[in-house]
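Comments concern the structure below.
Bear in mind that the values here come from a model prediction, so they are computed numbers and not experimental data. Chain naming here is simple, since letters A, B, ... match the order of the sequence lines and numbering starts at 1 in each.
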2 protein chains.
Amino acid sequence: MARTGRPRSFDRESALDAAMRLFWLQGYEATTVSQLAAAMGKLSSASFYAAFGSKEILFREILERYEAIHGQALAPLSDTTLPPREAVERALRASVRMQTAPDLPTGCLVALGASGWSEHNAALAACVAETRARNRASFSACVDRAVAVGDLDPESNTAALGLMFDTVLLGLSIEARDRLPRAQLEEVVAVTMRLWDSFAPQGRAAATRG
Amino acid sequence: MARTGRPRSFDRESALDAAMRLFWLQGYEATTVSQLAAAMGKLSSASFYAAFGSKEILFREILERYEAIHGQALAPLSDTTLPPREAVERALRASVRMQTAPDLPTGCLVALGASGWSEHNAALAACVAETRARNRASFSACVDRAVAVGDLDPESNTAALGLMFDTVLLGLSIEARDRLPRAQLEEVVAVTMRLWDSFAPQGRAAATRG
DNA sequence: AGACTTATGAAGTGATCATTCCATAAATCT
DNA sequence: AGATTTATGGAATGATCACTTCATAAGTCT
């Protein structure tokens, strides 16, 4: 701390938050460096590049930051102390709340980042796609765990069920972006959890023993 | 037909198809007029503007064309001669096939068109959003019809069920864009239809009397 | 105080953006 | 044939793109 040289005149963290907001709202390609610099505190072009490297490098940092902060909504999926059904429900509900928070852009940056990429930025688009793939794998792992524990019937198509949760989460992002009210999206989550119950052994709901 | 003046040297229809492909693949903002003109048959800039007006006007025409051609996957939803359950399943399955067709861009132009818009093109983005809203309404109407006919239990949350189908369809678009194999997406549809059955009266599946 | 380090403001880079102009080409109409 | 109409190729428009250069400002270090 207290490094040598002239101190920067803006707060780097809040500048990152402003940048995240823009990328989240508009996507990578539709967001210009001028917009970014302005929103991040009326930075000069020189300050922007000195502090963040380039638009692409900034986006990569933002993506990491997004995962670290807002991606935590899906953390329950990896929490093996939670009963799998509760893990899935908590993840979906937390994500819906995040995606419809009044002070943040609607939808999920990672989900909505699936489109709007030209060939020129294919590498960066792939980076976001990998994040989606990891989320997908988390849902599947959680379902697998449920089967292992006996909470889901191994005879049913559990692979499809895992993918189904991912599908719903992604779809909710577009609906959140379309400004559907939070309550409606929460009802979709409730309906989705009914589906889990219909996959439970003996056709009965696995108790949420959390 | 056979109007006066020099005839154009390219086929307008196939030029439109090439433009649709680009917009579908990259989105509106990430697609440049140079890319369009090149893909549409190495048109000169002058020819492009003479024939299609502007990038925005072209996109509006493409959107209409997309709905007329590929949007027909959802036509079963409005076909009241079909049992509602079959209508939904046919629509979902036809859309998955369309979204994973080997000779077309993956995913749905309308669904993936939810992101990548800067403030400057808000009007155009709203146009695509309206299309999504119409599709949403079609699913709901189909579910309402099922309730009216007695195929779904009116006591259950049928509004959420209608929205659920829309959610799944939108989510499938992102997964198709992520190149998930068609078979997996079809399994998601199968799982989704199980959900319908769990909403049926007496907890039993409504027969597909089609 | 003076060397050193980092940040800033202003101006400018070439490239590309969507779009237009204009002379000419290629068809139909009288 | 000549007038009219539409399309084309090529060059050019100003705006904006991501990014750089550079002199100067504002700190810490010895």
What integer distance in Å separates [X]:[atom1] from [N]:[atom2]?
| X | N | atom1 | atom2 | answer |
| --- | --- | --- | --- | --- |
| A:I57 | D:dA18 | CD1 | C1' | 13 Å |
| A:E56 | D:dC17 | CD | P | 18 Å |
| A:L22 | D:dA18 | CG | P | 12 Å |
| A:F52 | D:dC19 | CZ | P | 14 Å |
| A:E29 | D:dA18 | CD | C1' | 13 Å |
| B:Y49 | C:dT20 | OH | P | 7 Å |
| A:Q35 | D:dA15 | CD | C1' | 15 Å |
| B:L36 | C:dA18 | CG | P | 8 Å |

So with a 6.0 Å cut-off around CD of A:Q72, is the heavy-atom count from everything else above 12?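 It does: A:Q72 CD has more than 12 such atoms within range.
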
Taking atom CZ of A:R97 as the centre, report whether more than 12 heavy atoms of other residues, nucleotides or ligands fall under 6.0 Å from it. no

Within the structure provided, determine whether [X] and [Y] are in side-chain contact (heavy-atom separation under 4.5 Å).
| X | Y | result |
| --- | --- | --- |
| B:L172 | B:E175 | yes |
| A:C142 | A:R85 | no |
| A:F139 | A:V168 | no |
| A:Y28 | A:E56 | yes |

If you round to the nearest 0.5 Å, how far is CG of B:N157 from CE of B:M164? 12.0 Å

Quick check on contacts: within residues 114-129 of chain B, what sits under 4.0 Å from DNA chain C by heavy-atom distance?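 Heavy-atom cutoff 4.0 Å gives no residues at all.
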
Look at the side-chain N and O atoms of B:T32 and state whether any lies under 4.0 Å from the OP1 or OP2 oxygen of C:dT16.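 No.
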
Steps toward side chain to side chain contact (heavy atoms under 4.5 Å, CB included) verdict (A:T167, B:V191): CA-CA 11 Å; A:T167 310; B:V191 165; over 6 Å; no

The side chain to side chain contact (heavy atoms under 4.5 Å, CB included) partners of B:Q35 (sequence neighbours excluded) come to B:L22, B:Q26, B:T31, B:T32

Going 5' to 3' through nucleotides 6-11 of chain C, assign each nucleotide B (protein heavy atom under 4.0 Å from a base atom), S (under 4.0 Å only from sugar-phosphate atoms) or - (no protein heavy atom that close). BBSBB-

